[in-house]
Protein chains: 4
Amino acid sequence: MTQETTQAAGRPRNAEASDALKREALRLVREQGYGVSIAAIIKAAGVSRQTLYNRWSTKAELLLDALFELADMQVAIPDLSQPGPRRAVLTTYMREVFHHVRKDADLLRIFISQAQSDPAFRAVLYDRFVEPRDLIVVDVLRDAQARGEIAQDRDPALISAMIHGAFWYRLLLDLPLDDDFAAALVEDAFRGAA
Amino acid sequence: MTQETTQAAGRPRNAEASDALKREALRLVREQGYGVSIAAIIKAAGVSRQTLYNRWSTKAELLLDALFELADMQVAIPDLSQPGPRRAVLTTYMREVFHHVRKDADLLRIFISQAQSDPAFRAVLYDRFVEPRDLIVVDVLRDAQARGEIAQDRDPALISAMIHGAFWYRLLLDLPLDDDFAAALVEDAFRGAA
Amino acid sequence: MTQETTQAAGRPRNAEASDALKREALRLVREQGYGVSIAAIIKAAGVSRQTLYNRWSTKAELLLDALFELADMQVAIPDLSQPGPRRAVLTTYMREVFHHVRKDADLLRIFISQAQSDPAFRAVLYDRFVEPRDLIVVDVLRDAQARGEIAQDRDPALISAMIHGAFWYRLLLDLPLDDDFAAALVEDAFRGAA
Amino acid sequence: MTQETTQAAGRPRNAEASDALKREALRLVREQGYGVSIAAIIKAAGVSRQTLYNRWSTKAELLLDALFELADMQVAIPDLSQPGPRRAVLTTYMREVFHHVRKDADLLRIFISQAQSDPAFRAVLYDRFVEPRDLIVVDVLRDAQARGEIAQDRDPALISAMIHGAFWYRLLLDLPLDDDFAAALVEDAFRGAA
DNA sequence: AAGTAATCGAGACGGTACGTCTCGTCTTTAG
DNA sequence: CTAAAGACGAGACGTACCGTCTCGATTACTT
């Protein structure tokens, strides 16, 4: 017997309105920057002003939803059940992350920026973007440690912070995030290993 | 005959107006964030709107001037002519940096944030804040390398990026920047050394 | 065989909904003026928005129904079959009218006000409020003329307009509508009579 | 020595902006009714939204200024130093009043309407429109009384209220305000006189 | 008993207007 | 020429209503 979500009273929300808002918001911000007016977004989405405010209370929250739902931000989680050196696994993973981030570097910068003046936004960004990526890298590093690829006395969380930090540092300074940089980061993180 | 700056025609600029603007701008941004209106700043400074625009063309430029002139952001440059392990020198330096940053963490976050939507601002921030600090750390790391404290094949610039990146990462995520973290960063950067 | 309204198909209308709407609409307009939102009315009546629109197409129509059904606006028609001076009859009648109007002066002002921007509303207000009262006064004045209490060459319709006009004038200017004013009006209308 | 208004500090208000606002507001309300949006008025006047709000806080106040300044509402005050019957003087005056009112009957209706929900507006309307006209008629009636054209025991203020009331009554009911009605009103007011 | 149809509460929808806010420029008098 | 003051055009903001529409549920009459 399938569990079914109870239908709330009243006219149900139009899912297409939400989709159109996310789609157009993302498009307009990519084209014109974060400064696009809400009026422009709702006009492009063919939706009323209140409909937007029924769903999100700020432009930032709408964009956050849009980014993670529509933008191709999802990166395959490394499969640690496979054999082979974790150094290569992490290099591949970081290159893929960099690849996706390069596509929406402006948007990400805007989000990190926005998070600075909006604690709620920062929390969401942390939960949905920062922490998942941090945990993946920490997992790979722990596995590498268990396999003897990294010294036992090092702290995987610290290494992950340095890797992601360097990534943020270059992102926020608008410096290139290329494959070589990804590889160099991982090389240095695994240095001194067997 | 003494060389004298040529006196421009008309009423001379009031230096106190500039000082008041910088002082009040910094204070208000610390209290209320970057979003304070220009009207609030000129009102606090007791200055007319045009007077501000006569001197700076944006709020960001005013604040940059204010930051480097009024905020206590200067850290002593490590003296590499002295003997002793560079690991300790770097640890001391990073602790001092963290100490100063903690005092104005909000302000710094606001500046990094603002730099994301303002390339000119980012360039100035890079030239006057990021790069000088990066060069100091790179210099210390190079010296440590010359002294055999760090392996020859490592890239000081990359290590500096990881250290500063981890620092930014925690700053922007509002995670603590304490002495232990400063020490741990340097420890890991020097790990595996003789 | 009793005549019976044909029962329409479907669920019958809930009479209590209409009553609640009229009652609450009148109450809220008395308290807050004509500007009360429809949302406030339906909320107070515990009724859905569509239910109101099923019965009335504007707030004004709802209120007109409410006014004549619920507000105590009915005044006894003078009995001209009785002997005695018509001057006294009219004085009594006008005093009674003033008495009722004083109770709902705000409401009446609101209705006259609303009628100015709504011709349909004005027509209904005229048919159901203005004209009946005008006819009563004209009838009394004609009877007085027949009895020689008023000169034959005067126009009862004009006198009625002057009496009711003076009444409106004071009502709309928020000047007092007391018994003395009612008496003075009738005195002047009858002045110079035998 | 001519008294001169002290020039306030700052950029002076642009008188043309005020004029354009009054002119266009009056024109649009005459064309489309009181419901015209503020946006339409400022657009027609070529003026910013704030400029309107710098001068008036509501559409009604703007229109009140506009009406008495731009609309041809001024009626010549009867010259009581001239000889001749006051009955004729008052008839001429009332005909002229009716003539002017007919041109802006809609606007006047709107103002009386607006005054019902806005005590401040009502006060201004009373001071600038109602009372001056009332005083003129009372003056003429008193003079007529002194000349024996009207009985001594009648109350000029009451007669004025009946005349103006009948005028309002017909105005608000959208009944014709023609010359005959003006004459009939005055005739009845002077009835029974020598 | 099943089907049909209008009603009900709830609330989302597109749309319009509102009054406030901020921006950077402009226009005045005074120094 | 600069200062203080403040008006200006421009336009975004979030809120409030409007009258319509869309649900599931309810309540009668008609088969």
Side-chain angles (χ1 to χ4, degrees), chain A residues 6-18 35-43 45-55 57-59, chain B residues 7-14 16-17 35-43 45-59, chain C residues 6-14 16-17 35-43 45-55 57-59, chain D residues 6-18 35-43 45-55 57-59:
Chain A
T6 308
Q7 167 70 35
R11 179 174 174 175
R13 288 191 173 172
N14 179 358
E16 168 54 21
S18 294
V36 276
S37 72
I38 287 178
I41 295 173
I42 61 174
K43 190 178 173 188
V47 143
S48 79
R49 188 174 279 263
Q50 191 55 54
T51 296
L52 189 158
Y53 284 105
N54 281 346
R55 292 163 162 80
S57 55
T58 65
K59 195 164 47 172
Chain B
Q7 167 67 37
R11 178 171 174 174
R13 284 194 173 173
N14 179 357
E16 168 53 21
V36 276
S37 71
I38 287 178
I41 295 172
I42 61 172
K43 188 179 173 189
V47 145
S48 81
R49 187 176 279 262
Q50 191 58 52
T51 297
L52 188 159
Y53 283 104
N54 283 346
R55 293 161 161 82
W56 298 276
S57 57
T58 65
K59 191 164 52 175
Chain C
T6 308
Q7 168 67 41
R11 176 175 176 174
R13 287 190 175 172
N14 179 359
E16 168 53 23
V36 276
S37 71
I38 287 179
I41 295 173
I42 60 173
K43 188 178 172 189
V47 145
S48 80
R49 186 174 280 262
Q50 190 57 52
T51 296
L52 188 159
Y53 282 104
N54 283 346
R55 292 161 163 83
S57 56
T58 65
K59 192 164 50 174
Chain D
T6 308
Q7 167 69 36
R11 177 175 176 173
R13 287 192 173 170
N14 180 358
E16 168 54 21
S18 294
V36 274
S37 71
I38 287 178
I41 294 173
I42 61 173
K43 190 179 171 186
V47 141
S48 79
R49 187 173 280 264
Q50 190 56 54
T51 295
L52 189 159
Y53 284 105
N54 281 346
R55 292 161 163 77
S57 57
T58 65
K59 196 164 45 175

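Order of the sequence lines fixes the chain letters, A, B, ..., with proteins taken first and strands second; residue numbering starts at 1 for each chain.
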[X] [atom1] to [N] [atom2], straight-line distance once rounded to whole Å:
X: C:Leu52; N: F:dG19; atom1: CG; atom2: C1'; answer: 11 Å
X: B:Trp56; N: E:dC23; atom1: CH2; atom2: P; answer: 16 Å
X: A:Arg55; N: E:dG11; atom1: CZ; atom2: P; answer: 15 Å

Any residue of residues 9-16 of chain A with a heavy atom less than 4.0 Å from an atom of DNA chain F: A:Gly10, A:Arg11, A:Pro12

Please tell me if A:Asn54 has a side-chain N or O lying less than 4.0 Å from either OP1 or OP2 of E:dG11. no

By side chain to side chain donor-acceptor pair (under 3.5 Å), A:Arg55 pairs with (sequence neighbours left out) A:Ser18

Mind checking what makes side chain to side chain donor-acceptor pair (under 3.5 Å) contact with B:Ser57, not counting sequence neighbours? B:Glu61

Which comes earlier along DNA chain E counting from the 5' end, the contact point of C:Gly46 or that of A:Thr51, where each point is its nearest nucleotide? C:Gly46

Show me the protein contacts with nucleotides 17-21 of chain E, counting only N or O atoms at under 3.5 Å.
{"residue": "E:dC18", "atom": "OP1", "partner": "D:Ile38", "partner atom": "N", "Å": "3.4"}
{"residue": "E:dC18", "atom": "OP2", "partner": "D:Ile38", "partner atom": "N", "Å": "2.7"}
{"residue": "E:dG19", "atom": "OP2", "partner": "D:Tyr53", "partner atom": "OH", "Å": "2.3"}
{"residue": "E:dG19", "atom": "O5'", "partner": "D:Tyr53", "partner atom": "OH", "Å": "3.2"}
{"residue": "E:dG19", "atom": "N7", "partner": "D:Arg49", "partner atom": "NH1", "Å": "2.9"}
{"residue": "E:dC21", "atom": "N4", "partner": "D:Gln50", "partner atom": "OE1", "Å": "3.3"}

With rounding to the nearest 0.5 Å, note down the distance linking CG in C:Leu52 to CD in C:Gln50. 9.0 Å

List the atom of B:Lys59, the atom of B:Ile38, and the distance in Å for their closest heavy-atom pair. CD-CG1, 4.4 Å

What's the shortest heavy-atom distance between C:Ile42 and C:Ala39, and which atoms? CG1-O, 3.2 Å

Using five pairs at either end of the helix from E:dA1-F:dT31 to E:dG31-F:dC1, determine the angle between the two local helix axes and round it to 10 degrees. 20°

Just to verify, what does D:Glu16 make a side chain to side chain contact (heavy atoms under 4.5 Å, CB included) with, not counting sequence neighbours? D:Asn14, D:Asp19, D:Ala20, D:Arg23

